Amino acid sequence: MNPERIIDTALKEFKNLGQTDVRSEIQWTSATLNSLYRIGRRFGCSVWVSSRFANEQDIDGGECVIWIKYDKSGFLESGPVVAECEWSNPGDVKDDYEKPLLARATVRVVVFDEGYCKNGAEAIANKICDWVGAYEGSQKGDKFLLVGYEGDDESWCFRYFIILVNESDQQPTITEL
């Protein structure tokens, strides 16, 4: 599956989401996961979304989305996307970002808020880039789409970043879109 097409489609969806009247973290999480679910289905994938948002009584669920593509024989063909969503401090973002890092997905998506970090979403995106660079399992061509929300209850700004591993023995590059 083409990573650029996945990223372009996700960016359009997130930009539309940014124009909604969503306010609470639970609403943001639900809207984010539902958006990723819809995109995955449009790409013809089976989509697994954390059970917490399918059943509010399940308090053990996380904020994770996994796209799975099967071949005509029903065998696992690929895992185009693994996504994680976390609203909180940078330490919580780090804990949740590690799940997509471990996945061999075409595109790994990490959605986060600024977590009241002094330098906002950019600072967290740079930390994630450092974590990707430190991980021994990072491979050439690994792509991460980072979606960082900044702001307060009245005004949100969406910032988008791409992390690309060019060579597994070098620091990945980060680009703001």
Side-chain angles (χ1 to χ4, degrees), residues 1-88 92-93 95-115 121 124-125 128 141-151 153 155-164 175-177:
M1 219 174 249
N2 182 310
E4 285 74 25
R5 188 166 164 242
I6 292 170
I7 290 168
D8 289 344
T9 304
L11 287 174
K12 287 177 190 168
E13 187 79 20
F14 282 115
K15 287 177 181 178
N16 287 336
L17 185 61
Q19 298 174 13
T20 63
D21 192 30
V22 176
R23 293 285 177 228
S24 74
E25 287 180 7
I26 290 173
Q27 289 175 319
W28 278 118
T29 300
S30 181
T32 297
L33 297 180
N34 282 314
S35 292
L36 289 166
Y37 172 84
R38 284 191 306 274
I39 297 166
R41 298 297 290 167
R42 282 196 305 250
F43 275 90
C45 296
S46 293
V47 181
W48 294 83
V49 180
S50 55
S51 58
R52 175 175 160 190
F53 293 93
N55 175 3
E56 292 182 17
Q57 301 304 314
D58 181 1
I59 59 172
D60 293 329
E63 302 86 23
C64 189
V65 175
I66 300 170
W67 297 4
I68 301 171
K69 189 79 170 171
Y70 295 99
D71 68 15
K72 292 177 184 177
S73 300
F75 293 107
L76 180 63
E77 183 177 294
S78 67
V81 169
V82 171
E84 182 66 42
C85 179
E86 180 58 51
W87 311 110
S88 198
D92 289 340
V93 172
D95 291 344
D96 280 355
Y97 120 89
E98 290 171 345
K99 294 173 213 167
L101 181 64
L102 290 171
R104 292 298 330 141
T106 305
V107 177
R108 292 85 173 259
V109 180
V110 180
V111 182
F112 60 93
D113 74 350
E114 64 185 321
I124 294 173
I128 292 172
D142 286 355
K143 287 191 179 194
F144 293 79
L145 171 62
L146 309 181
V147 180
Y149 300 134
E150 292 183 341
D153 289 340
S155 172
W156 281 85
C157 169
F158 294 74
R159 296 184 69 186
Y160 308 97
F161 305 87
I162 294 288
I163 294 175
L164 176 63
T175 306
E176 185 166 4
L177 304 174

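Only this structure's heavy atoms are used, side chains among them; waters, hydrogens and symmetry mates stay out. On a predicted model such as this, the values are computed, not experimentally measured, just so you know.
- Every residue was checked against the salt bridge (charged side-chain N to carboxylate O under 4.0 Å, His left out) condition with R5, not counting sequence neighbours, and none meets it.
- A 4.5 Å side-chain heavy-atom check between L146 and F112 finds at least one atom pair inside the cut-off.
- The side chain to side chain contact (heavy atoms under 4.5 Å, CB included) search around I6 returns M1, F43, W67, P80, V81, T106, V107, not counting sequence neighbours.
- For residues 34-43, the pairs satisfying salt bridge (charged side-chain N to carboxylate O under 4.0 Å, His left out) are E13-R38, E13-R42, with sequence neighbours left out.
- Scanning all heavy atoms of the two residues, the minimum distance from C85 to L33 falls at CB-CD2, 4.4 Å.
- E77 is linked by a side chain to side chain donor-acceptor pair (under 3.5 Å) to nothing, counting only residues two or more places apart in sequence or in another chain.
- Residues forming a side chain to side chain donor-acceptor pair (under 3.5 Å) with K143 (at least two apart in sequence, or on another chain): E4.
- Here the shortest heavy-atom pairing between P100 and R108 reads O-CG, 3.1 Å.
- Shown here are the side chain to side chain contact (heavy atoms under 4.5 Å, CB included) partners of L11, two or more places apart in sequence or in another chain: I7, L145, Y160, L177.
- Taken to the nearest 0.5 Å, the CZ atom of F161 stands 10.0 Å off from the OG1 atom of T175.
- Closest heavy-atom contact between I66 and C64: CG1-SG, 4.1 Å.
- Between D142 and R104 the shortest side-chain heavy-atom distance falls below 4.5 Å.
- The two residues A83 and L36 make their nearest non-hydrogen contact at CB-CD1, 3.6 Å.
- In terms of the side chain to side chain donor-acceptor pair (under 3.5 Å) criterion, residue partners of N34 (sequence neighbours excluded) are, by chain and number, S30.
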